[in-house]
Amino acid sequence: MRDTPSILHVDLDAMFASVEQRDKPSLRGRPVVVGGMGGRGVVATASYEARVFGARSAMPVAEARRRCPSGTAFLAPRFAAYRRTSQVVMELLAGLSPLVEAVSIDEAYVDLAATSTGGLDIRAVTELALDLKARIRAATGGVTGSVGAGTSKLIAKIGSDLHKPDGLTVVAPGQERAFLGPLPVTALSGVGPATAERLRRAGVHTIGDLAGLAPAELIERLGQAHGVALYRLARADDGRPVVGEREAKSVSAEETFAADVADPARLGAELDVLAAQVGARLRAAGLSGRTVTLKARHFDFTTITRSTTRAQATDDPRVITQAARRLLGDVDVSGGLRLIGVGVSGLTEFAQDDLLSLLDPAARRETAADQAPDEAAEPEPEPARAGWRTGEDVRHAVHGAGWVWGSGRGRVTVRFEGPRTPPGPVRTFAADDPALHPADPPDWHGAEG
DNA sequence: TCTGGGGTCCTAGGACCC
DNA sequence: TCTGGGGTCCTAGGACCC
C-alpha cells in the first residue's frame with residue numbers, strides 16, 4: 001500500500017452534453033440530453049440541468065422526453081467531437097506522468113508515482129489537481145473534470161465521484177477506511193443492481209457493513225472471485241496497478257432495429273454489414289480472431305449468444321459473416337429479433353495470411369499504420385440527405401455553419417451558431433435543399449491560441 | 001415509443017487428455 | 001474394468017462498466 005495519494009482519477013463531467021453546450025452557446029444553462037434518437041434510443045449523457053428533471057444515463061430517451069420540460073435539447077451524439085476533446089485532456093494527463101490508463105473516452109487514471117517530480121504529500125497533490133482542473137477547463141473550452149486522489153485506484157475513483165461536477169477529493173493516507181465506511185455499497189465499482197440486492201438481503205448497506213462481513217459469507221453469497229474482491233475493496237485493500245495499454249480481447253458490432261425483424265434474408269444482410277464493420281476494425285488494429293459469436297435479442301428482450309471456434313484466426317469479413325450466418329440458422333427467428341450482433345474473440349496479433357505475405361511481399365496488404373486509425377476503425381456515418389440528425393453539424397452555402405435544431409416532414413431546421421459565434425437565427429429548409437451539407441464538427445481548438 | 005453499443009470478467013458444465 | 005483428480009479448451013449466460 002502506498003504512503004502518498006499518488007493515484008489520480010479524472011472523470012469529465014457529463015462530457016457529451018458538456019461538449020454540446022460548449023459548441024452550441026444557445027444550449028448553455030439549458031437541459032441537454034445526448035443519446036439515441038431512434039424510437040429505441042437510450043440516454044448516453046444528460047446535462048446536470050436535465051438531471052434535475054430525472055433524466056439519467058441508460059434511461060430510454062422516450063422516458064427522458066416525458067420527464068424534461070419543453071426547451072430541452074435532445075441531440076444525437078457526435079463522437080468525433082468527443083474524441084477530439086478526449087485527446088486534448090489525455091495529452092494534458094500525459095504531461096503529468098508517463099503512466100496514464102485511459103478507462104474510456106471521458107475517464108482516466110494517472111499514476112503520479114511513475115515520475116520523480118518532487119513531493120506527493122496532500123498539499124502538493126491538491127495543488128497539482130487544482131491546476132490540472134483549471135487546465136482541463138481552459139484547454140477544452142469549458143468542459144470540467146472531477147478529480148479524486150488517493151493511495152489506490154479504488155480511493156481515487158470513488159473520490160472523483162464524490163463531489164461531481166467540478167469536484168476534487170484528496171484522501172489522506174491512513175484515512176481510507178474512514179472515508180469508505182459510510183458510503184453505500186453501490187459506490188464500489190463492481191456492485192450493480194444484482195449484487196446490491198443480494199447484499200441488502202444480508203443487511204449490508206454501507207461499505208462499512210461490508211467490511212464487517214466474514215469472507216466466507218461473502219464468497220458464499222457472491223462467488224469466489226467477486227466475494228474475495230469485494231471483501232478486500234471494502235477494507236481499502238487495493239493494489240491494482242495503473243496500466244497504460246491493454247490488449248483488446250474482442251471486437252464486436254451490433255444493431256438494434258427500429259422495428260423487430262423476422263425475415264431471415266434481411267437478418268443475413270445485416271450480418272454482412274456488421275461482419276464488414278468488425279473485419280475492418282480488426283484489420284485496422286492488426287488483429288484477427290478464432291472465435292465468431294452471434295448475438296440475438298428476441299422480441300421479448302431475451303438474449304442468446306452462439307459461438308464457433310475455428311482452427312485459424314481471421315479478420316476476413318466473408319469468413320466472419322459465413323460463420324455468423326451458419327449460427328443464425330440454428331436460431332428461432334420467427335418471433336422477430338430486436339437486435340443482432342457479431343463479435344470476434346480469441347484475438348491474436350497476426351492474421352493467417354501474414355504468413356503468406358512473408359513469402360510474397362507483393363501480396364502484403366495495407367496495415368494499420370498505413371491508415372488513419374480513427375477513420376478506419378469507426379467510419380462516421382454519413383447521414384442520408386433527407387435524414388438529418390438533431391444536433392448534427394451542417395454548413396449552408398449561404399448562411400454558413402450551424403447545427404440541426406430539428407427535422408421532420410421533409411424539412412430541417414438549422415440554428416446558425418458556432419462555439420464562438422453567439423446564437424444566431426433559426427432557419428428552416430427543405431430536407432433535400434442542395435445548399436445544405438453535413439459539416440465537420442466545429443474545430444475551435446487552436447482557433448483561439 | 002421500455003430497455004444502445006462497445007466492452008471485460010466470471011461461472012458452470014461437458015469434452016478430452018494425462 | 002472401474003474409479004478419480006487435475007488441467008485445458010470450448011460454449012452459454014450473466015453481471016457489470018462507461
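All chains are named by letter (A, B, ...) in the order of the sequence lines, taking the proteins before the strands, and each is independently numbered beginning at 1. As a basis for the values below, the full set of heavy atoms in this structure was taken, side chains included, without hydrogen atoms, waters or symmetry mates.
- Side-chain N/O atoms of R198(A) include none lying less than 4.0 angstrom from OP1 or OP2 on dA15(C).
- Put simply, T256(A) has a side-chain N or O that comes within less than 4.0 Å of OP1 or OP2 on dG5(B).
- Side-chain nitrogen and oxygen atoms of S307(A) include at least one within less than 4.0 Å of the OP1 or OP2 phosphate oxygen of dA12(C).
- Taking the ring centre of F74(A) as origin, the terminal cationic atom of R65(A) falls inside the region bounded by 6.0 Å and 45° from the ring axis.
- Looking at heavy-atom distances under 4.0 Å, T195(A) makes contact with sugar-phosphate atoms alone, never a base.
- Rounding to whole angstrom units, CE of residue M59(A) and P of dC18(C) are separated by 18 Å.
- Of the side-chain N and O atoms in S104(A), none sit less than 4.0 angstrom from OP1 or OP2 of dG7(B).
- Q224(A) comes within contact range of the sugar-phosphate backbone alone, with a heavy-atom separation under 4.0 Å but no base atom that close.
- Within the nucleic acid shown, R290(A) comes within 4.0 Å of sugar-phosphate atoms alone, with no base atom in reach, counting heavy atoms only.
- E107(A) comes within 4.0 angstrom of sugar-phosphate atoms only, judged by non-hydrogen atoms across all strands, and of no base.
- Atom C1' of nucleotide dT3(B) and atom CZ of F257(A) are separated by 16 Å, given to the nearest angstrom.
- Between dC9(B) and K249(A), a contact under 4.0 Å exists linking OP1 or OP2 to a side-chain N or O.
- Residue F301(A) contributes atom CZ, which lies 13 Å from atom P of dA15(C) at whole-angstrom precision.
- Among the protein residues, A44(A) comes within range of no part of the nucleic acid, since none of its heavy atoms lies under 4.0 Å from any strand.
- Residues E49(A) and R30(A) are not paired through a salt bridge, judged by the lack of any N-O separation under 4.0 Å between the basic side chain and the carboxylate.
- Between F299(A) and A225(A), the residue anchored closer to the 5' end of DNA chain B is F299(A), taking for each the nucleotide with the nearest heavy atom.
- dC16(C) and dT3(B) are spaced 16 Å apart, taking the C1' atom of each and rounding to whole Å.
- Nucleic acid contact for G36(A): none, since no nucleic acid atom lies under 4.0 Å from a heavy atom of the residue.
- Here K157(A) reaches the OP1 or OP2 of dC18(C): one of its side-chain N or O atoms lies under 4.0 Å away.
- Among the protein residues, V61(A) comes within range of no part of the nucleic acid, since none of its heavy atoms lies under 4.0 Å from any strand.
- Both tests do not hold together for R240(A) against Y109(A): distance to the six-membered ring centre under 6.0 Å, angle to the ring axis within 45°.
- Between R246(A) and dG7(B) there is no side-chain N or O to OP1 or OP2 distance below 4.0 Å.
- Applying the 4.0 Å criterion to OP1 and OP2 of dT8(B), one finds that S250(A) has a side-chain N or O inside that range.
- Here dC17(C) presents its P atom at 8 Å from NE2 of H226(A), a figure rounded to the nearest Å.
- Using a 90° window around 0 for the glycosidic torsion, dC2(B) falls inside it and is classed as syn.
- Among the atoms of the strands shown, only primed sugar atoms or phosphate atoms (P, OP1, OP2) are found under 4.0 Å from some heavy atom of V191(A).
- Protein atom CG of L222(A) is 19 Å distant from nucleotide atom P of dC9(B), rounded to whole Å.
- In DNA chain B, stems built from 3 or more consecutive Watson-Crick or G-U wobble pairs, each with both distances under 3.5 Å, span B:5-18 with C:5-18.
- The side chain of S252(A) has dG6(B) as its nearest neighbour among dG5(B), dG4(B), dG6(B).
- Put simply, CG on L339(A) and CZ on R297(A) are 5.0 Å apart, with the number rounded to the nearest 0.5 Å.
- Seen from the ring of Y48(A), R51(A) counts as a face-on cation partner, given the 6.0 Å and 45° thresholds.
- Nucleotides dC17(C) and dG4(B) are separated by 14 Å at their C1' atoms, to the nearest Å.
- Atom-to-atom, CZ of R297(A) to C1' of dA12(C) comes out at 15 Å; the value is rounded to the nearest Å.
- Side-chain N/O atoms of T144(A) and D13(A) include a donor and acceptor closer than 3.5 Å.
- Classification of D166(A) and R137(A) as a salt-bridged pair holds, one side-chain N sitting under 4.0 Å from a carboxylate O.
- Atom CD1 of I105(A) and atom P of dG4(B) are 20 Å apart (whole Å).
- Remark on DNA chain B: of its neighbouring residues A62(A) and S57(A), the 5'-side contact belongs to A62(A), judged by nearest-heavy-atom nucleotide.
- With respect to D272(A) and R318(A), no salt bridge is recorded, no charged nitrogen being found less than 4.0 Å from a carboxylate O.
- Comparing dG13(C), dC16(C), dC18(C) against the side chain of A194(A) picks out dC16(C) as the nearest.
- Closest to the V42(A) side chain, of the nucleotides dC9(B), dT1(B), dT3(B), is dT3(B).
- Counting any heavy atom pair closer than 4.0 Å across all strands shown, T308(A) reaches sugar-phosphate atoms only and no base atom.
- Separating the CG atom of L347(A) from the C1' atom of dG7(B) is a distance of 12 Å, rounded to the nearest angstrom.
- With values rounded to the nearest 0.5 angstrom, L210(A) atom CG is found 8.5 Å from L233(A) atom CG.
- Between the CD atom in Q87(A) and the CZ atom in R84(A) there is a gap of 9.0 Å [rounded to 0.5 Å].
- R338(A) has a side-chain polar atom (N or O) that falls below the 4.0 Å cut-off from OP1 or OP2 of dT3(B).
- A sub-4.0 Å separation between OP1 or OP2 of dC10(C) and a side-chain N or O of T309(A) is absent.
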